[in-house]
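Structure, as structure tokens:
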Amino acid sequence: MNLGLFSYLSASLAFVLFAVLLVTSWRGGNRGVLLAAVALINAVWAGLASQVAIKSVDQASAYQTFEVLRYLAWYVFLIKLFDSAASNNPGYRRFQRSALLSSIGFGCLVLLMDFVFPRFDGRVLYGYPMAFLFAGHLIMSIIGLTIIEQLFRNLSLQHRWAIKYLFIGVGGIFAYDFYFYANALLFRGMDPGLWNARGFISLISVPMLVLAAARNREWSLNVFVSRDIVLTTTAILGGGLYLLLMAGVGYYLRDHGGSWGRVAQTVFFSLAIILLLAVLFSGQLRANLRVFLGKNFYKNKYDYRKEWLQLTGELSNQKDDSNGFISATRVLARLVDARSSLIWLHENNNCYRNIAAWQADRVDATEIEGSSLVQFFEQKGYIINLTNIDTCPEEYQGLVLPTWLSKIRRPWLIVPLFGLNSLLGFSVLADPLVSREINWEDRDLLKAAAKQVSSYLTVLRTSEVLAEAKQFEVFNRISAYMVHDLKNISAELELIVRNAERHRNNPEFLDDMFETVNNASADINRLLDQLRNKRLQKEKKVVVDVCKLVQDVARHKNHCLPVPDVVCDSSECHTILEKRRFANVLAHLLDNGQQATSDDGFLHVKVMKKTPFVVIQIVDNGHGMDDDFINKRLFKPFDTTKGNAGMGIGMYECREFIHELGGEIKVESEPGKGTSISLHIPLNN
């Protein structure tokens with residue numbers, strides 16, 4: 001059975017069917033037509049290969065021609081996928097044009113070699129014309145793999161799902177051709193078994209292409225070209241050529257090494273791969289290569305969009321940085337490949353202190369506001385390059401470097417960080433990965449990044465201040481509530497002292513006095529616990545008879561005029577709440593009513609049951625309030641109309657307490673006509 005005939009003929013039929021499928025389902029996209037043309041060229045190539053497989057010598061020239069045309073067709077189709085990026089960017093358009101012309105030009109050169117070398121009958125170029133043909137086809141497969149790699153790297157993530165099978169199918173073809181021609185080049189001839197299998201590889205790729213076409217009906221892809229394209233391409237091509245060279249040396253050792261030839265080849269090739277991996281994973285080599293390419297191939301040194309997105313992403317990610325300041329100095333170091341950095345920030349004692357360090361030891365040194373370094377930054381705002389201070393004295397005139405720089409390993413750059421109106425701090429970048437000059441573009445990038453970092457640091461500092469202010473706010477709130485409670489306790493004890501002479505022989509007065517003193521003692525102990533724990537403690541909720549509690553509170557207010565009168569419409573008014581806190585709320589509302597009403601006025605308290613609420617209505621005929629005061633000031637904390645005698649939290653505490661119960665407080669008032677306050681409290685069911 002002729003496997004070559006079967007494999008290539010099957011591949012040819014598969015590509016014909018694929019082309020027919022593309023034509024019948026075409027939706028007007030140019031890429032669909034181009035892919036159909038590529039499929040037809042592959043079908044013709046596979047058909048000619050099947051003829052060569054049955055020893056049809058007259059088809060050999062045509063087969064060689066379509067061998068190259070097949071590569072060129074794939075190049076054109078793959079490079080055209082960059083159209084969406086090239087349409088809006090002249091730089092991408094230039095890349096697309098140069099890549100297309102270069103790949104087609106090299107393909108034409110290989111095609112010319114296919115026609116020229118056979119006419120010399122193998123007697124030119126030291127008897128190795130076929131080696132150049134194999135090398136040419138090998139390089140063409142590498143070019144195809146490089147284009148696919150760049151498409152995959154620079155394709156937006158959301159579109160990789162739609163095109164990944166194209167990469168697998170076409171990449172498989174190029175990868176197998178690389179292996180096939182590398183083997184032919186090393187052994188100076190084609191392996192018949194490998195050649196026969198090429199048809200099956202092409203056949204296997206067709207279903208992948210069908211899936212890709214189904215997912216991209218118009219092949220309208222959103223791709224963009226990365227600035228790392230030259231760096232990555234150079235690394236791939238260099239690595240491929242290096243492996244070819246090492247493989248050639250290995251086979252030479254095997255052929256001429258005698259009994260040790262196979263061992264020498266294996267050891268040498270293994271060492272070569274280890275060396276390649278070590279070089280590829282070398283950060284210093286990548287940095288040097290990036291500098292070289294930036295100097296010789298790019299108009300702009302940086303991809304600012306990429307750098308800015310990476311900078312903001314790193315500032316937002318603080319997994320290993322509890323306070324965020326290390327992230328601020330690390331991002332500046334990364335921009336210029338510095339391996340360590342430190343940051344100084346302004347403190348309240350008019351000096352700058354090292355508050356964080358990345359991959360370096362913190363320096364126990366401060367820089368005062370009037371120092372030479374700080375004045376230099378405030379007057380000029382330059383980035384200081386410590387490696388060229390001696391060569392550029394006019395740029396750093398009057399600058400005296402601090403002595404603490406000697407404690408830092410290989411200090412390199414000092415970048416100022418400016419706030420809105422002053423110097424916020426500065427960052428020292430040290431231990432550069434590559435010793436290089438800092439040009440205007442490096443400085444501009446660092447200045448722009450420093451502004452973003454300064455804003456980030458300002459937010460961090462502001463957050464710290466707000467956190468401290470929040471703590472003081474909690475403390476002040478606790479203090480205000482305590483003073484408010486102490487005022488109530490003082491009033492109760494003052495009432496006892498005032499009435500002691502008159503009622504000391506009255507048993508009921510003595511009972512009330514002991515109860516009041518006991519309550520005052522409990523309240524004072526509670527306040528002391530709150531001071532020790534630095535937080536407000538909540539009272540345990542109990543079932544309370546609202547009518548009885550209102551009557552008890554009103555009875556304790558009988559010593560002031562007008563005397564409150566209490567009317568209960570229902571005796572079944574029970575609810576669950578904090579009894580002492582509710583009593584304080586009622587006492588405060590009765591105090592306000594008595595203070596706002598003249599001695600000959602009235603203060604009515606009425607308890608009503610309006611399911612699902614119990615309503616406590618407190619009505620007086622005092623001086624009243626207008627709507628503006630009720631809406632804007634009545635419930636505002638720490639706002640009082642009593643001067644130093646009040647804390648301004650009584651009504652605020654009343655409203656918060658009623659809302660916590662799930663109730664509502666309603667206020668109706670009019671200047672000169674009095675006030676009505678209604679507390680709606682949920683009943684206990």
Side-chain angles (χ1 to χ4, degrees), residues 34-35 38 42 67-86 91-111 134-156 159-160 163-183 185 201-202 205 208-209 212 221 223-247 273 276-277 279-281 285-286 289-290 292-293 296-298 303:
L34 186 57
L35 184 58
V38 174
N42 277 268
E67 176 82 66
V68 177
L69 291 179
R70 169 173 166 259
Y71 282 115
L72 296 180
W74 280 121
Y75 293 165
V76 172
F77 174 73
L78 293 173
I79 293 176
K80 289 294 288 182
L81 294 181
F82 284 96
D83 276 349
S84 59
Y92 295 166
R93 193 179 304 114
R94 287 193 297 270
F95 161 76
Q96 186 186 36
R97 189 185 305 115
S98 60
L100 188 61
L101 292 177
S102 300
S103 58
I104 292 178
F106 186 82
C108 293
L109 177 61
V110 175
L111 187 62
F134 293 151
H137 285 281
L138 181 64
I139 294 175
M140 291 190 73
S141 65
I142 294 176
I143 293 174
L145 288 172
T146 302
I147 296 174
I148 290 175
E149 191 273 340
Q150 288 303 318
L151 271 173
F152 182 78
R153 277 175 56 86
N154 298 293
L155 190 68
S156 56
H159 292 88
R160 286 185 181 178
I163 201 174
K164 65 179 179 180
Y165 289 109
L166 172 71
F167 296 149
I168 295 174
V170 183
I173 293 174
F174 287 138
Y176 187 85
D177 285 358
F178 173 83
Y179 171 70
F180 171 71
Y181 281 112
N183 183 80
L185 180 62
I201 299 300
S202 297
S205 69
M208 306 289 182
L209 300 177
L221 303 177
V223 297
F224 60 93
V225 180
S226 169
R227 278 190 56 99
D228 293 333
I229 187 169
V230 176
L231 177 64
T232 308
T233 303
T234 303
I236 292 175
L237 291 176
L241 294 175
Y242 169 80
L243 288 177
L244 286 176
L245 179 61
M246 294 300 102
I273 292 177
L276 177 63
L277 292 176
V279 170
L280 290 178
F281 284 101
L285 176 66
R286 290 197 302 271
L289 184 58
R290 192 179 295 111
F292 172 79
L293 294 175
N296 297 279
F297 294 96
Y298 286 122
D303 182 349

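Reckoned from all heavy atoms, side chains included, excluding hydrogens, waters and symmetry mates. Since the structure is predicted, the reported quantities are computational estimates derived from the model, not experimental observations.
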Exercise for review: Decide yes or no on side-chain contact (heavy atoms from CB on, under 4.5 Å) for Phe167 and Glu149, but give the supporting numbers first.
Suggested key: CA-CA 8 Å; Phe167 296 149; Glu149 191 273 340; over 6 Å; no
**Study point:** Test side-chain contact (heavy atoms from CB on, under 4.5 Å) applied to Ile143 and Tyr75, step by step
**Key:** CA-CA 8 Å; Ile143 293 174; Tyr75 293 165; 3.6 Å; yes
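For the atom pair CD1 of Ile173 and CD1 of Ile168, the computed distance is 12.5 Å after rounding to the nearest 0.5 Å. Residue Phe106 holds its CZ atom at 15.5 Å from CG of Leu101, rounded to the nearest 0.5 Å. The CZ atom of Phe180 sits 11.5 Å away from atom CG of Leu138, with the distance rounded to the nearest 0.5 Å.
Of the options Thr146, Ile142, Leu145, a side-chain contact (heavy atoms from CB on, under 4.5 Å) to Phe174 is made by Leu145 and by none of the others.
The minimum heavy-atom distance linking Gly169 with Ser205 is given by the pair O-CB, 3.6 Å. When all heavy atoms of Met140 and Tyr71 are compared, the pair lying nearest together is CE-CB, 3.3 Å.
With a 4.5 Å cut-off on side-chain heavy atoms, Val110 and Ile139 do not count as touching. Side-chain atoms of Val170 and Trp74, non-hydrogen and from C-beta on, do get closer than 4.5 Å to each other. Looking at heavy atoms from C-beta onward, Tyr176 lies out of side-chain contact with Ser141 at the 4.5 angstrom threshold. In this structure the side chain of Ile201 never reaches within 4.5 angstrom of the side chain of Asp177, judged on heavy atoms. Within the 4.5 Å cutoff, the side chain of Val68 has heavy atoms near those of the His137 side chain. In this structure the side chain of Phe77 reaches within 4.5 angstrom of the side chain of Leu166, judged on heavy atoms.
Classification of the Tyr181-Phe134 ring pair by plane angle, with boundaries at 30° and 60°, yields tilted.
No donor-acceptor pair closer than 3.5 Å links the side chain of Asn183 to the backbone N or O of Tyr179.
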